[in-house]
Peer 1: 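Take this structure, written in structure tokens, and hold onto it; I'll ask about it next.
Computed over heavy atoms, backbone and side chain alike; hydrogens, waters and symmetry mates excluded. For this chain, numbers begin at 1 and follow the sequence in order. When a ligand or atom number is given, it counts from 1 through the structure's own listing order.
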Amino acid sequence: MCGIVGYIGNRSAIEPVIEGLKALEYRGYDSAGISIIDKNNAKLIKTAGRVERLSEELSGLKESYGLAIGHTRWATHGSPTKANAHPHTNSKGNIFVVHNGIIENYQDLKQFLIKKGYRFKSNTDTEVIPQLIDYHLGKTKIFLEAFKQTLRELRGAYAIAAAYQDDPRNVYVAKLSSPLVIGVGKHEHIVASDISALGSDTKKVFYLEDYELAVVSSDSLRIHDYKKSMDITKNPENIQVDSKETSLGDFPHYMLKEIFESPQTVQSAIVGRIKPNENIVKLGGLESVANQLQYIDRIIIVACGTSYYAGLVGEYLIEEVAGIPVEVQLASEFKYRKEPLSRSTVVIAISQSGETADTIAALNKVEDYGILRLGIVNSVGSTIARMTDAGVYCHAGPEKSVASTKAFIAQVTVLAEIALYLSNGNSSLYKPVVNELVNVPTKITEILRQSEKIKKIALKYSKYRDFLFIGRGYMYPCALEGALKLKEVSYIHAEGYAAGEMKHGPLAMIERNFPTLALLPNGNLFEKTISNLEEIHSRKGPIIAIHSQKSRVQMNIEDSIEIPETIEQLQPLLFATVLQLFSYYIAVDKKLDVDKPRNLAKSVTVE
Ligand code: M6R
């Protein structure tokens with residue numbers, strides 16, 4: 001989604017801002033822009049295209065600029081045109097603003113400003129910000145005061161960076177429900193909406209909290225709480241960004257690279273946590289709340305998209321292994337739901353990015369309930385990681401493809417660990433799950449070795465327009481996730497269903513042009529799922545079965561993919577890998593932008 005990068009310092013500001021914007025490209029955007037300022041001289045350059053285009057336009061500049069704010073925009077209010085791209089300015093063109101989030105009361109503010117004689121050039125909500133600053137500046141004559149007053153009048157979510165041509169030594173930033181960080185360099189600061197935009201030389205960072213603004217210059221930083229009207233003192237935190245992990249290497253796409261990282265992903269999620277020889281599951285991130293966890297009697301998992309489906313797998317796992325009732329709710333629904341919540345409930349938020357606005361809002365909802373809030377997060381230091389009381393990191397490393405793959409694998413692995421941890425070793429499944437978790441990386445590797453075969457089958461089906469994914473038990477959430485993956489990268493209509501639901505409606509769609517991908521592991525639900533396949537087969541629906549050696553299909557189906565045997569509770573880790581590869585190869589065959597599907601963004605920072 002939208003990205004912010006700003007620079008103030010003693011070298012040319014253009015390079016760090018353009019590099020930062022490039023680092024944020026994977027998150028999805030449709031236009032870009034930059035304002036550059038140096039003593040009495042300011043330029044505004046925008047494009048309805050890529051950051052590379054901006055970079056080309058800037059290459060002819062002779063002067064050096066010490067301040068720049070840049071932005072990549074993912075359109076919400078107004079189409080992706082040059083006029084709607086950020087930075088936005090006041091009518092005089094001397095105040096520049098980039099903004100992530102949504103200003104919910106922008107219509108009211110716009111009407112107010114229009115009545116005061118202001119004219120607007122874009123369809124965005126953002127444009128009210130520089131205009132409102134201008135309005136207050138006219139009264140207070142002090143930019144900081146005008147900025148503060150503007151912030152107090154904005155409703156919604158925002159991360160903002162602002163610059164004023166008459167004050168080329170300072171960048172002004174603020175945040176509410178949208179992340180903003182300030183990287184510290186030598187005689188320089190870089191402000192950004194994500195630490196990945198700060199560059200590998202930046203080792204220290206300040207995280208702004210809600211209702212904090214900062215006045216940032218090359219050598220100093222003033223942080224102020226504009227709700228409480230008081231200055232804040234805080235220390236910078238260390239960051240570690242491993243740039244090696246984020247390069248494509250020999251892979252054609254991040255999605256494929258990240259699928260192939262799954263064995264290592266599971267390994268990283270279990271190392272130091274699962275010790276089969278000692279029969280131990282150690283989750284350091286939960287130690288501080290271990291006592292509270294003894295008394296919980298209900299878990300609510302909140303998440304969106306793929307993380308939500310991982311949560312559904314977690315529901316099966318925690319209920320079966322730890323015997324604690326679990327409910328999984330879409331974060332966007334949970335936050336508006338009026339349900340009774342007791343203090344013995346734990347809310348677990350699952351998020352790869354740790355910045356998903358709906359999931360943050362769900363956690364905010366229960367902030368004052370005295371309820372324990374845990375996180376299963378991949379991005380270290382992200383908003384959700386910081387706002388939860390405790391949690392378990394996924395350690396999957398950066399995930400750049402919009403389609404989440406290895407993060408799902410890591411989330412399910414962590415959920416299995418949490419299930420084991422909460423069982424206190426009192427489950428008959430404890431030992432089998434602990435022992436089998438360490439075998440999963442090798443088994444996923446065996447599946448990856450079959451990628452050519454999976455590709456061949458995928459290509460056979462790439463021209464179909466509709467798909468059904470079915471499974472029972474642990475395979476039901478996998479079916480939902482498989483359908484989501486196919487939809488988002490190949491734009492093929494796909495639905496995930498519990499196999500037992502076929503006769504209650506979806507069977508009506510089945511005919512020779514409507515293939516079904518059946519998830520068919522060995523286990524007590526095998527025969528029931530086979531009966532569902534018979535019903536599809538007799539209606540001429542093509543079937544692709546993913547199965548193990550012990551769950552081969554005896555009827556004459558179109559295609560099958562055999563994968564290694566594992567215990568029921570960990571089957572999602574193996575089956576999901578096949579589904580991810582299947583979707584990937586179809587998308588490549590359709591010549592689509594696999595890593596950046598249309599209309600989607602990696603990190604959904606608006607509700
Ligand atoms: O970063 P999060 O895990 O909170 O993101 C949640 C969803 O937006 C995300 O999983 C989305 O559904 C992916 N594009 C799916 O591949």
Peer 1: Between Asp358 and Lys335, does any NZ, NE, NH1 or NH2 come within less than 4.0 Å of an OD or OE carboxylate oxygen?
Peer 2: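 Yes, Lys335 and Asp358 are salt-bridged.
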Peer 1: At a 4.0 Å threshold, what atoms of ligand 1 neighbour a non-hydrogen atom of Ser307?
Peer 2: 2 (P), 3 (O), 10 (O)
Peer 1: Identify which of Ser404, Pro597, Ser353 has a heavy atom lying nearest to atom 1 (O) of ligand 1.
Peer 2: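 Of the listed residues, Ser353 has the closest heavy atom.
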Peer 1: Does a salt bridge link Lys456 with Glu452, judged by any charged N lying under 4.0 Å from a carboxylate O?
Peer 2: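 Glu452 and Lys456: not salt-bridged.
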Peer 1: Looking at atom 10 (O) of ligand 1, what's its closest protein heavy atom, distance included?
Peer 2: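 Answer, as residue, atom name and distance: Thr306 N, 3.1 Å.
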Peer 1: Identify the closest protein heavy atom to atom 5 (O) of ligand 1: which residue and atom is it, and at what distance?
Peer 2: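 Here the nearest protein heavy atom works out to Thr356 OG1, 3.5 Å.
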Peer 1: Could you tell me whether some N/O pair between Lys602 and ligand 1 is separated by less than 3.5 angstrom?
Peer 2: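 No, since none of the N or O atoms of Lys602 sits under 3.5 Å from an N or O of ligand 1.
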Peer 1: Return the closest protein heavy atom for atom 8 (O) of ligand 1 as residue, atom name and distance.
Peer 2: Val604 CG2, 3.9 Å
Peer 1: Is the closest heavy atom of Val402 to ligand 1 under 4.0 Å?
Peer 2: yes
Peer 1: Step through it carefully: locate the ring centre of Phe251, locate the ring centre of Phe260, and say whether they are under 6.0 Å apart.
Peer 2: yes
Peer 1: Under 6.0 Å from the NZ atom of Lys487, do we count more than 12 heavy atoms belonging to anything else shown?
Peer 2: yes
Peer 1: Is the count of non-hydrogen atoms from other residues, nucleotides or ligands lying under 6.0 Å from Lys590 atom NZ greater than 12?
Peer 2: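 For Lys590, atom NZ is crowded (more than 12 foreign heavy atoms under 6.0 Å).
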Peer 1: My understanding is that we take every heavy atom of each candidate and find the minimum distance to atom 14 (N) of ligand 1. Doing that for Glu488, Lys485, Gln352, which one comes out nearest?
Peer 2: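 Heavy atom nearest to atom 14 (N) of ligand 1 belongs to Glu488.
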Peer 1: My understanding is that only one of Met255, Glu261, Lys406, Lys257 makes a side chain to side chain contact (heavy atoms under 4.5 Å, CB included) with Glu399; could you say which?
Peer 2: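 Output: one option passes, namely Lys406.
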Peer 1: List ligand 1 atoms under 4.0 Å from Ala403, heavy atoms only on the residue side.
Peer 2: 16 (O)
Peer 1: Using 4.0 Å as the upper bound for N to carboxylate O, is an ion pair formed by Arg298 and Glu327?
Peer 2: yes
Peer 1: Which heavy atom of the protein is the closest neighbour of atom 6 (C) of ligand 1, given with residue, atom name and distance?
Peer 2: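 Of every protein heavy atom, Cys304 O, 3.3 Å lies nearest to atom 6 (C) of ligand 1.
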